[in-house]
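Just so we're on the same page: letters track the sequence lines, and every chain starts at 1.
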There are 2 protein chains.
Amino acid sequence: MKRNSRLSLALHTLGHMAADSKHMRTSADIADHAGTNPVVVRRVLGKLREAGLLTSEKGHAGGWRLARAAQDITLADVYLALDERLVASSPNDDVPTCVVEHRLQNKITAVMEEIERSLIERLSKTNIAEVQDIPEPSHG
Amino acid sequence: MKRNSRLSLALHTLGHMAADSKHMRTSADIADHAGTNPVVVRRVLGKLREAGLLTSEKGHAGGWRLARAAQDITLADVYLALDERLVASSPNDDVPTCVVEHRLQNKITAVMEEIERSLIERLSKTNIAEVQDIPEPSHG
DNA sequence: TACTAATGCAACCACAAAAGTTACGAGTGC
DNA sequence: GCACTCGTAACTTTTGTGGTTGCATTAGTA
């Protein structure tokens, strides 16, 4: 599997849910569709639940559902929910030896944070309903 | 160390070089500054050389130098040189079982590619000279 | 109550990616 | 020839992550 399979799994699941938002899905069903394991699905979807994007219910008729309208869930919400930050600022965590290094590190951190802000801003312009653009309601 | 230590190492090194672009640096010096290993430095900087951002010279007075002006090296150049793609489109490489899945996968791929394009565009707006804004030429 | 089906979670294993390390060949200047 | 540097291959160690198993908990249903 690829590096950001979690993001991919999240988007696929949310895309499916957006297509039929009333339907309650179990982690086993989702795992089947994604070709993975129910526990892995619960791990990833658990993050989305913590972020308020999904709700889950235990018990006999339990499963997963969107916590709000698909139009109100943006890619930025998903990205932040998974808290996989694009930017890791410092190569070594110890304090830099020289002043130049110290200032350079601050500058690089500032620049990368700016980059990440603009990435998030771009992500916030696309929502889950746009990811899913299927006209037919029928599933296969 | 963090996940994207390569990007971080590249930016720190380029930042230093931009501050004093005539100075030839050895991988040992750079490794000392970065708190890592000369071979690791050569690995990462080798990618930047392949992309035409740096030049290296063997032998007694050898080392590394910027291949062109710091103003002409953007963060996009560095990002692309390291070819660590932000986006991995499909969670499983096999063909989707249902039509909905197939269309969803295509859509997600398209959206993520658009996101990456806009990220690269943003990165191309910042160059190495901007990363390094130290007025003093003295080193510590 | 008993049974079944679902999440929640912890503990592990397996695999892959990456850093770190060692070693050596090849070029370059003294 | 010697010292110094990059280039690269091979290996080890570390780390991240998916996968797996097991079990407690919750909820519906007979």
Side-chain angles (χ1 to χ4, degrees), chain A residues 1-10 12-13 17 23-67 82-88 90-94, chain B residues 1-10 12-13 17 23-67 81-86 88 90-94:
Chain A
M1 281 223 181
K2 301 292 182 56
R3 142 186 279 166
N4 41 4
S5 64
R6 285 187 296 239
L7 178 59
S8 189
L9 173 58
H12 278 258
T13 304
M17 287 179 166
H23 182 208
M24 179 83 86
R25 287 153 214 269
T26 68
S27 56
D29 289 345
I30 296 166
D32 266 0
H33 255 285
T36 181
N37 192 286
V39 178
V40 174
V41 170
R42 289 202 285 270
R43 253 181 227 157
V44 173
L45 267 51
K47 294 255 191 186
L48 303 184
R49 187 194 53 231
E50 288 172 21
L53 309 184
L54 293 178
T55 59
S56 65
E57 287 175 24
K58 292 182 177 179
H60 191 107
W64 299 83
R65 212 188 312 226
L66 295 183
L82 298 178
D83 59 13
E84 300 171 340
R85 281 301 173 278
L86 173 64
V87 185
S90 55
N92 44 1
D93 285 345
D94 51 357
Chain B
M1 279 224 183
K2 301 293 183 53
R3 141 185 280 166
N4 41 3
S5 64
R6 285 188 296 239
L7 178 59
S8 189
L9 173 58
H12 278 259
T13 304
M17 287 179 167
H23 182 209
M24 180 82 87
R25 287 152 216 269
T26 67
S27 56
D29 288 346
I30 296 166
D32 266 2
H33 257 284
T36 182
N37 192 286
V39 177
V40 174
V41 170
R42 289 202 285 269
R43 254 181 229 157
V44 174
L45 267 51
K47 294 257 192 184
L48 303 185
R49 187 194 53 231
E50 287 171 20
L53 310 184
L54 293 178
T55 59
S56 65
E57 288 175 22
K58 292 182 179 179
H60 191 107
W64 300 82
R65 212 188 312 226
L66 295 183
L82 297 178
D83 59 15
E84 301 171 341
R85 283 300 174 278
L86 173 64
S90 55
N92 45 1
D93 286 343
D94 51 356

Open item on the list: Based on the rotation axes of five pairs at each end, what angle does the helix from C/dT1-D/dA30 to C/dC30-D/dG1 bend through, to 10°?
Closed with: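 Roughly 10°, once rounded to the nearest ten degrees.
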
Task: Most 5' of B/V39 and B/T26 on DNA chain D, judged by nearest nucleotide - done: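 Upstream on the strand: B/T26.
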
Any side-chain N or O of [X] below 4.0 angstrom from OP1/OP2 of [N]?
X: A/R42; N: C/dG8; result: no
X: A/T36; N: D/dG19; result: yes
X: B/R49; N: D/dG7; result: yes
X: A/S27; N: C/dT7; result: yes
X: A/N37; N: D/dG18; result: no

Measure [atom1]/[X] against [atom2]/[N] and give the value in whole Å, please.
X: A/L7; N: D/dG16; atom1: CG; atom2: P; value: 19 Å
X: B/E84; N: C/dA19; atom1: CD; atom2: C1'; value: 13 Å
X: B/L9; N: C/dA19; atom1: CG; atom2: P; value: 9 Å
X: B/L45; N: D/dT8; atom1: CG; atom2: P; value: 13 Å
X: A/L54; N: C/dT7; atom1: CG; atom2: P; value: 12 Å
X: A/D29; N: C/dT7; atom1: CG; atom2: P; value: 9 Å
X: A/I30; N: C/dA6; atom1: CD1; atom2: P; value: 12 Å
X: A/R6; N: D/dG18; atom1: CZ; atom2: C1'; value: 9 Å

TODO: Map B/V40 and A/P38 onto DNA chain C by nearest heavy atom, then report which one ends up closer to the 5' terminus.
DONE: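 It is A/P38 whose nearest nucleotide is closer to the 5' end.
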
TODO: Specify the closest pair of heavy atoms between B/P38 and B/A31, including all atoms of both residues, with the distance to one decimal.
DONE: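 What the structure gives for the nearest pair is N-CB, 3.5 Å.
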
TODO: Over all heavy atoms of both residues, which pair between A/H23 and A/R65 is shortest? Give the atoms and the distance, please.
DONE: O-CG, 4.2 Å

- [ ] Could you list the residues that satisfy side chain to side chain donor-acceptor pair (under 3.5 Å) with A/D32, not counting sequence neighbours?
- [x]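 Applying side chain to side chain donor-acceptor pair (under 3.5 Å) to A/D32 gives none.
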
Task: Residues which pass side chain to side chain donor-acceptor pair (under 3.5 Å) with B/N37, listed by chain and number, not counting sequence neighbours - done: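 Side chain to side chain donor-acceptor pair (under 3.5 Å) list for B/N37, sorted by chain: empty.
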
Open item on the list: Would you compute the distance between atom OG1 of A/T26 and atom CH2 of A/W64 and round it to the nearest 0.5 angstrom?
Closed with: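 These two atoms lie 11.0 Å from each other.
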
Task: Verdict with reasoning, A/H33 to A/H12, per side-chain contact (heavy atoms from CB on, under 4.5 Å) - done: CA-CA 9 Å; A/H33 255 285; A/H12 278 258; over 6 Å; no

Would you tabulate the pairs of protein nitrogen or oxygen atoms and nucleotide nitrogen or oxygen atoms of nucleotides 12-14 of chain C closer than 3.5 angstrom?
none

TODO: Strictly below 4.0 Å, heavy-atom distances to any atom of DNA chain D: list the hits from residues 57-67 of chain A, or just say none.
DONE: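 Going residue by residue through residues 57-67 of chain A, the ones with a heavy atom under 4.0 Å of DNA chain D turn out to be A/K58, A/G59, A/H60.
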
Task: Pairing residues for B/H60 by the side chain to side chain contact (heavy atoms under 4.5 Å, CB included) criterion, not counting sequence neighbours - done: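 Scan of B/H60 (side chain to side chain contact (heavy atoms under 4.5 Å, CB included), adjacent residues dropped) gives none.
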
Validation: residues 39-57 of chain A side-chain donor-acceptor distances under 3.5 Å, sequence neighbours left out:
{"from": "A/R42", "atom 1": "NH1", "to": "A/S27", "atom 2": "OG", "distance (Å)": "2.9"}
{"from": "A/K47", "atom 1": "NZ", "to": "A/D83", "atom 2": "OD1", "distance (Å)": "3.3"}
{"from": "A/R49", "atom 1": "NH1", "to": "A/S56", "atom 2": "OG", "distance (Å)": "3.3"}

